Amino acid sequence: MKSNSSIHILSPRLANQIAAGEVVERPASVVKELVENALDAGSTQIDIDCEAGGIGRIRIRDNGSGIRSGELPLALSRHATSKIFDLDDLEAVSTLGFRGEALASIASVSRLDLISAVEGETGSKVSVEGRDMAPSIEASAHPKGTTVDVRDLFFNTPARRKFLKTEKTEFGHIDTVVSRQALSRFDVGFRLVHQGRVTRQLPPALSESAQSERVANLLGRGFMDAALPVDASAIGLSLKGWACRATFNRAQADCQYVFVNGRIVRDKLVSHALRQAYRDVLFHGRHPCYLLYLELDPAQVDVNVHPTKHEVRFRDSRLIYDFLLRSVAKVLADDRPDQVLDQGASLQPGSSDQYSDSGQYQAGMHFRDHAPRSDGFDVLLQLAGSAESIISSEPVEEHDIPPMGYAVAQLHGVYILSQTRDGMIIVDMHAAHERITYEALKQALDDRGLVSQPLLIPVTMHVSQREASLVEEARDLFEQFGLGVQRVGPETIRIEYVPAILRRASHEDLVRDVLSDLAEVGTSDRIVEARDNLLATMACHGSVRANRQLTLSEMNALLRDIERTERSGQCNHGRPTWTALTMHDLDRLFLRGR
């Protein structure tokens with residue numbers, strides 16, 4: 001700061017350039033803001049034409065409602081908008097843009113032409129060149145809609161221009177922005193051109209098949225092949241879209257798209273809830289893939305949190321968290337082998353097995369021998385009987401082959417080979433049995449509920465004042481999961497009772513983890529996660545081991561249990577439990593028909 005500096009008002013030009021630093025980071029930011037304006041104007045077709053990665057030129061044309069001739073200069077002013085009028089409108093924003101900063105910010109760092117026409121007018125044009133000027137209106141023929149032509153981005157702020165990447169990289173960011181907008185609005189057509197070459201041509205997708213085709217076009221065919229449809233609703237909430245099976249995953253979280261009222265968001269609460277939904281089925285260190293659309297009352301979500309509008313704040317974060325977690329977890333749990341194999345076979349409990357005699361297969365057969373009682377699992381010993389599965393010996397018609405088929409052999413005491421209607425299936429018997437035992441134990445415990453056990457000596461913990469306040473605010477949440485925590489001082493809490501199954505766990509670490517979640521996302525399911533981790537270990541020790549010879553009856557009983565068990569496609573650690581090869585796959589492997 002200069003020693004003789006004095007307080008003064010920034011010039012409009014400098015103020016706009018500073019504002020542009022928040023809104024216009026790169027050419028892709030220009031495309032995002034202008035496409036959002038076009039969508040707010042009711043467009044059904046948006047054309048984006050770029051040159052030199054968007055640095056040289058960005059021209060966006062839409063067929064929306066257009067701007068009246070007399071309002072064109074006003075549209076380039078800061079905080080000029082047609083989308084909000086008072087504070088009530090700001091508290092229930094239903095449009096993508098609302099601040100009225102985009103056009104002014106873009107115009108301050110570029111040479112910009114704005115051409116528009118409303119229904120019944122021939123069209124008008126205004127131009128600015130990155131400086132505070134009074135744009136003049138001139139006639140310009142234009143169909144109904146608007147064209148924004150942005151040239152020489154950052155020509156008057158060379159320092160900003162130096163931070164831009166190569167043309168190829170910058171255009172890659174533009175393509176990402178257009179793809180996300182195309183995923184948000186299936187009813188709108190998009191056309192993206194770079195250097196005169198069409199790179200995206202996406203007509204409106206009004207039918208379900210057309211929408212699936214657009215998603216496959218933008219996210220890859222593999223995404224749609226692994227996608228499970230999501231369609232859930234609650235009071236005031238709706239969730240639609242696709243969540244991919246856990247077998248389709250990524251090393252980075254780069255295939256995760258969540259739209260809230262049509263706006264793509266990156267929200268910690270949403271990401272945490274969806275990550276927890278995949279907790280039981282995803283391999284460690286991998287990230288799930290999903291494309292989801294959350295709709296709720298605009299008054300229940302605050303989008304005025306960040307200049308780029310990527311972040312939102314929910315008024316009832318715990319409700320949103322639980323709704324997302326339960327909705328996606330249910331879709332993953334309901335994905336059974338018949339859906340994966342597209343067989344459409346009936347999966348009624350006690351399905352018949354043509355190889356069965358009077359033999360029985362027990363899902364918890366090794367539980368009593370291998371349960372690690374020293375870790376506190378003995379509290380569930382009486383639940384082991386709930387994990388048993390008895391298969392009927394009634395014969396079935398030959399044409400009524402179940403999805404997982406019938407066992408024909410056991411390979412090296414590790415894998416089960418099964419013949420299906422149109423190929424074969426290979427099952428990892430330990431991994432599959434582990435999932436079956438785990439789900440049975442969870443169900444048995446859920447039916448019975450979490451039983452609390454008082455600590456002989458209550459544990460006193462020193463925490464921050466904020467964490468101590470969270471204990472008071474979330475007392476119902478702690479009690480819901482059988483954990484008794486009380487605030488006994490400004491920075492002191494006391495643990496008085498815990499779930500019986502977790503009595504040997506580290507109670508202080510568990511409470512600190514819960515408080516960390518509460519501070520970050522407003523809710524927590526750490527207690528359930530800790531319980532499930534113990535049950536998973538328990539199921540692992542209680543499952544059939546390698547080199548144990550099974551009879552055909554036992555193998556087929558295991559296949560039937562796979563068919564009706566939730567999340568049976570992966571074990572508790574995220575490894576696949578089975579894989580299928582069709583006759584077409586086998587013929588191709590052996591070059592048959594060539």
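As the structure is a computational prediction, the values presented were derived from the model and not from experiment.
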Notebook entry, point to check: How many angstroms lie between CG in Leu470 and CD in Gln465, if you round to the nearest 0.5 Å?
Noted result: 12.0 Å

Notebook entry, point to check: Got a sec, which residues hit salt bridge (charged side-chain N to carboxylate O under 4.0 Å, His left out) with Asp175, two or more places apart in sequence or on another chain?
Noted result: Arg200

Margin query: Could you check whether any side-chain heavy atom of Arg151 comes within less than 4.5 Å of a side-chain heavy atom of Asp113, counting everything from C-beta outward?
Written below: yes

Next item on the list: Report yes if the side chains of Asn37 and Thr146 come closer than 4.5 Å at any heavy-atom pair, otherwise no.
Entry: no

Note to self: Could you tell me if the side chain of Ile55 sits less than 4.5 Å from the side chain of Arg161, heavy atoms only?
What the structure shows: yes

Check: Among pairs that include at least one residue of residues 232-270, which meet ring-ring contact (aromatic ring centres under 6.0 Å, His included), considering only residues two or more places apart or in two chains?
Finding: Phe259-Tyr293

Checklist line | Arg318 with Asp322: basic N within carboxylate O range, under 4.0 Å | finding: no

Note to self: Any donor-acceptor pair under 3.5 Å linking the side-chain atoms of Thr122 with those of His142?
What the structure shows: no

Next item on the list: Kindly indicate whether the side chain of Ser29, heavy atoms from C-beta on, has any atom under 4.5 Å from the side chain of Glu33.
Entry: no

Under 3.5 Å, side-chain donor or acceptor atoms of residues 201-209 against the rest of the protein: list the pairs with distances, not counting sequence neighbours.
unit_1, atom_1, unit_2, atom_2, d
Gln201, OE1, Arg191, NE, 3.3
Ser207, OG, Ser209, OG, 3.2
Ser207, OG, Ala210, N, 3.2

Checklist line | Which residues share a salt bridge (charged side-chain N to carboxylate O under 4.0 Å, His left out) with Asp316, sequence neighbours left out | finding: none

Checklist line | salt bridge (Lys or Arg N to Asp or Glu O under 4.0 Å) evaluation trace for Asp149 with Arg57 | finding: CA-CA 7 Å; Asp149 196 348; Arg57 187 179 194 181; 2.5 Å; yes

Note to self: Show, in sequence, the C-alpha distance, side-chain angles and deciding distance for Leu76 and Leu112, and conclude whether the side chain to side chain contact (heavy atoms under 4.5 Å, CB included) test is met.
What the structure shows: CA-CA 10 Å; Leu76 298 178; Leu112 182 145; 3.9 Å; yes

Note to self: Counting only heavy atoms from other residues, nucleotides and ligands, does the tally under 6.0 Å from CZ of Phe283 exceed 12?
What the structure shows: no

Check: Any side-chain heavy atom of Glu295 sitting closer than 4.5 Å to one from Leu237?
Finding: no

Checklist line | Gln256/Leu292 under side chain to side chain contact (heavy atoms under 4.5 Å, CB included): CA gap, chis, key distance, verdict | finding: CA-CA 8 Å; Gln256 300 178 351; Leu292 299 170; over 6 Å; no

Notebook entry, point to check: Can you tell me if Glu467 uses its side chain to pair, donor with acceptor, with the backbone of Leu515 under 3.5 Å?
Noted result: no

Margin query: Ignoring hydrogens and geometry beyond distance, is a side-chain donor-acceptor pair present between Ser105 and Ser108 at under 3.5 Å?
Written below: no

Note to self: Does Thr44 form a side chain to side chain donor-acceptor pair (under 3.5 Å) with Asn63? I'd like the steps, not just the answer.
What the structure shows: CA-CA 7 Å; Thr44 59; Asn63 63 349; 2.9 Å; yes

Next item on the list: Evaluate the side-chain proximity of Phe223 to Cys244: yes if any heavy-atom separation is below 4.5 Å, no if none is.
Entry: yes

Next item on the list: Please lay out, stage by stage, how Ser116 and Leu72 fare under the test side chain to side chain contact (heavy atoms under 4.5 Å, CB included).
Entry: CA-CA 8 Å; Ser116 188; Leu72 282 176; 4.0 Å; yes

Note to self: Checking Arg475 now: which residues fulfil salt bridge (charged side-chain N to carboxylate O under 4.0 Å, His left out) with it, not counting sequence neighbours?
What the structure shows: none

Item checked: Pairs involving residues 135-145, ordered by first then second residue, that meet salt bridge (Lys or Arg N to Asp or Glu O under 4.0 Å) (sequence neighbours left out) -> none

